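Nothing here was measured: the structure is a model prediction, and the numbers come from that model. For this chain, numbers begin at 1 and follow the sequence in order.
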Amino acid sequence: MDFEVKGIAASLTNQTQPFSGRKKLLQQGQTPRSWAIQNPSLPVVPQLDLGSLVDSDEEEQDIIPENLPEPTSKYKLKYQQYETEMKEGYKQYSQRNAEKTKSKITQQSPRKKIDDKCIQGEESIVGALTTLDKKALLQHGYADIPYNAQSSMKKSDAEMVAAQRKKQTVAEQVMIDHLSRAVISDPEQNLPTERPESTPIFPDSKTAPLRLRKRTLHETKIRTHSTLTENMLSHKVQFDGRIISRNGHDACRELVGFFFAHDQSLTIYEYRQFGKNRTSVLPFIQKNTYSHQCGRRKGTQYQLGDFYIGANLTFLSSDHSSLPESIKENTLFILRITNIDQIALDSLKTDSVEPEDNLTSPEANDRLILKAVQDALKEQLHKRGVRILTGLAKHLQQLDKEGTGLLDKADFKQTLQVFRLEVSENDFESAWQILNGNDSGKVDYGEFKRAVIGEMNEYRKSFVRKAFMKLDFNKTGSVPITNIRKCYCAKKHPQVISGHSTEEEIKLSFLETLKDACSKSDEVTYGEFEDYYEGLSIGIVHDEDFVNIVCTPWGI
């Protein structure tokens, strides 16, 4: 039985051998037929006619029948359209692939786009610009840093809380001062008070004059009819101001003013800090009624409509003995309103019978003329603003031999020609008539520069003052170059991040352009510091970009 099973298995194995080893037999030179003759017990497989098989290459070739008609023009046109569409499709496909590759590279290097902008900016500089102009324009690179609104809001919120506390302290001090002065100056306080019969009468009370008698707090009449009351003093507009001065110590004073509606008087206080923990609120300009000291409204008393952000309040320095000596050096004392309590202002305007806008038609025309001149010069100063404005300040100071701050018409014309600032004769004459309102023949050159060239807004100026106050920690009004070199940080400059420039190169470019604005080689005054950023501001459209330019290198 076992022998029969083995035989069947052997025969099956022999039957499958020609099929599994067909290739091996052919390699040995044997054909399946010859092998089958040698093994007659197995079935014969029919011979395959290999000649009838077509080669794979021949199978892929197109077989074109003979005697076919030629294609018509209709099919030729369709073929041409198809060919054109295929080529156009392949072109678009290649462009899409190239864009995808470029976007991937940009995502891998987020600073590359910023760096390309910096390079393009340098390439677009025209040949008329000097090396100093090109180095100053490097500061514009900070504008490409994304504006961090969330971080800025947190910082601004903290600053606003601190500012509100300061203003509240000043307001409380003002109320205490003026109520106390009103009570003390009230003649009714000198009248004898009615005393009860049980009250003892001291011998000296009859002999001493009333003004020399000692009064206690309980004997003082707080409520009187002839003096100010708290209700009257509460109807006021509170505003922040800064002194327009090239002296850094004066320009950075924190001034808070109040305009009282009941008698149209105003007063200004200064918030000062002594050391780290001691602060004081001191009167700067005493409470009184004042008038404009220059311009078309010269001699007109200040009214509610004169108070708005950007307005100038002018005073004669000789009328205020408490002013610092540095301010008294100039005949005119100019205060710029930088912020105002808009809610209180709107409330008082609603209750007031006088018009909200006191702007007269001549003043409106003056503004339009100066705005046209500023727009014409802004195009000329767009790229070279830093060099022109810093050089302009130095040149005007050199022309002022007497040190009065005043120059005549010929000096201003010559200055504009030296710096190649093109102003038409009609525009210049109109601007001169506006500025020379008192027909004195001379105009303050700081006022001339602000009126003809313009200036950055108060929001931008506030950050410039913050940067300078951080550098001028001794409050001297000038900063040594060594302090500026230590504090300036170029780590976040786009060209430093991309590797095209080093921190030292960016820092040196800043110091070289800033030194060009300085009259002394070893220090920078506030006026020179402000002129530098005034020139940068001309080429910056958005306030957020300018804030990045100022805050990033100084860490404010």
Side-chain angles (χ1 to χ4, degrees), residues 167 170-171 173-175 177-182 185 227-228 232-245 247 250-251 253-271 281-342 344-345 348-349 351-360 362-363 366 405 435 437-438 440 444 446-447 450 458:
K167 291 178 182 179
V170 176
Q173 186 66 44
V174 169
M175 296 293 283
D177 286 354
H178 291 289
L179 285 174
S180 301
R181 291 176 185 177
S185 62
T227 59
L228 293 176
M232 287 183 177
L233 288 175
S234 63
H235 290 81
K236 62 183 183 299
V237 176
Q238 184 173 337
F239 59 90
D240 299 336
R242 67 177 180 89
I243 301 172
I244 296 182
S245 171
N247 183 295
D250 294 333
R253 292 179 183 270
E254 296 184 59
L255 301 181
V256 183
F258 300 87
F259 178 79
F260 301 98
H262 72 281
D263 61 352
Q264 293 186 337
S265 63
L266 65 91
T267 183
I268 297 173
Y269 276 66
E270 182 180 9
Y271 186 91
V281 182
L282 304 175
F284 196 76
I285 291 181
Q286 63 181 358
K287 184 178 180 296
N288 205 340
T289 56
Y290 296 97
S291 302
H292 295 269
Q293 298 301 321
C294 64
R296 293 188 180 274
R297 297 197 193 186
K298 184 178 181 180
T300 306
Q301 184 178 326
Y302 287 113
Q303 299 177 359
L304 193 62
D306 295 322
F307 293 86
Y308 54 88
I309 296 177
N312 288 342
L313 306 179
T314 53
F315 305 91
L316 291 177
S317 302
S318 57
D319 295 341
H320 307 281
S321 58
S322 60
L323 292 177
E325 293 299 326
S326 57
I327 297 178
K328 288 183 179 180
E329 291 176 357
N330 298 321
T331 306
L332 205 63
F333 163 52
I334 305 176
L335 180 77
R336 171 73 56 81
I337 296 177
T338 59
N339 195 15
I340 198 165
D341 185 356
Q342 193 64 41
L345 182 64
L348 290 178
K349 281 184 177 180
D351 299 336
S352 177
V353 295
E354 63 183 58
E356 294 186 7
D357 190 4
N358 291 342
L359 191 66
T360 61
E363 288 175 323
D366 293 347
L435 298 173
N438 54 2
S440 63
D444 181 272
E447 185 181 355
R450 289 190 296 271
E458 292 302 320

Spatial distance of atom [atom1] ([X]) from atom [atom2] ([Y]) [nearest 0.5 Å]:
X: C294; Y: F315; atom1: SG; atom2: CZ; result: 11.0 Å
X: H292; Y: T314; atom1: NE2; atom2: OG1; result: 7.0 Å
X: S317; Y: E325; atom1: OG; atom2: CD; result: 10.5 Å
X: L323; Y: E329; atom1: CG; atom2: CD; result: 12.0 Å
X: Q293; Y: N312; atom1: CD; atom2: CG; result: 13.5 Å
X: H235; Y: L348; atom1: NE2; atom2: CG; result: 7.0 Å

Heavy-atom side-chain contact between [X] and [Y] under 4.5 Å:
X: I244; Y: L335; result: no
X: Y290; Y: L313; result: no
X: S265; Y: N288; result: no
X: Y302; Y: Q264; result: no
X: D444; Y: L435; result: no
X: L233; Y: F260; result: yes

Ring centres under 6.0 Å, that's the criterion: do F307 and F239 meet it?
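F307 vs F239: aromatic centres under 6.0 Å.
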Aromatic contact between F258 and H178, with the criterion being ring centroids under 6.0 Å apart: yes or no?
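Ring centres of H178 and F258 not closer than 6.0 Å.
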Any Lys/Arg nitrogen of E270 or R253 sitting under 4.0 Å from an Asp/Glu carboxylate oxygen of the other?
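So E270 pairs with R253 through a salt bridge.
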Looking at D240 and K167, does any basic side-chain N land under 4.0 Å from a carboxylate oxygen?
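Yes.
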Name of the residue among I243, N247, L332, I334 meeting side chain to side chain contact (heavy atoms under 4.5 Å, CB included) with I327
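Of all the options given, the one that passes is I243.
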Just by distance, do the side chain of [X] and the backbone of [Y] share a donor-acceptor pair under 3.5 Å?
X: T338; Y: E458; answer: no
X: K236; Y: H262; answer: no
X: Q301; Y: G299; answer: no

In sequence, state the C-alpha distance, the side-chain angles, and the governing distance for Q238 and F259, and then conclude on side-chain contact (heavy atoms from CB on, under 4.5 Å).
CA-CA 7 Å; Q238 184 173 337; F259 178 79; over 6 Å; no
Of the non-hydrogen atoms in S245 and A251, which two are nearest, and what is the gap between them?
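The answer is O-CB, 3.6 Å.
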My understanding is that only one of D177, T267, D263 makes a side-chain hydrogen bond (donor to acceptor under 3.5 Å, both in side chains) with K287; could you say which?
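Exactly one pass, corresponding to D263.
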More than 12 heavy atoms of other groups within 6.0 Å of K328 NZ:
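Yes, because the 6.0 Å sphere around NZ of K328 holds more than 12 heavy atoms from other groups.
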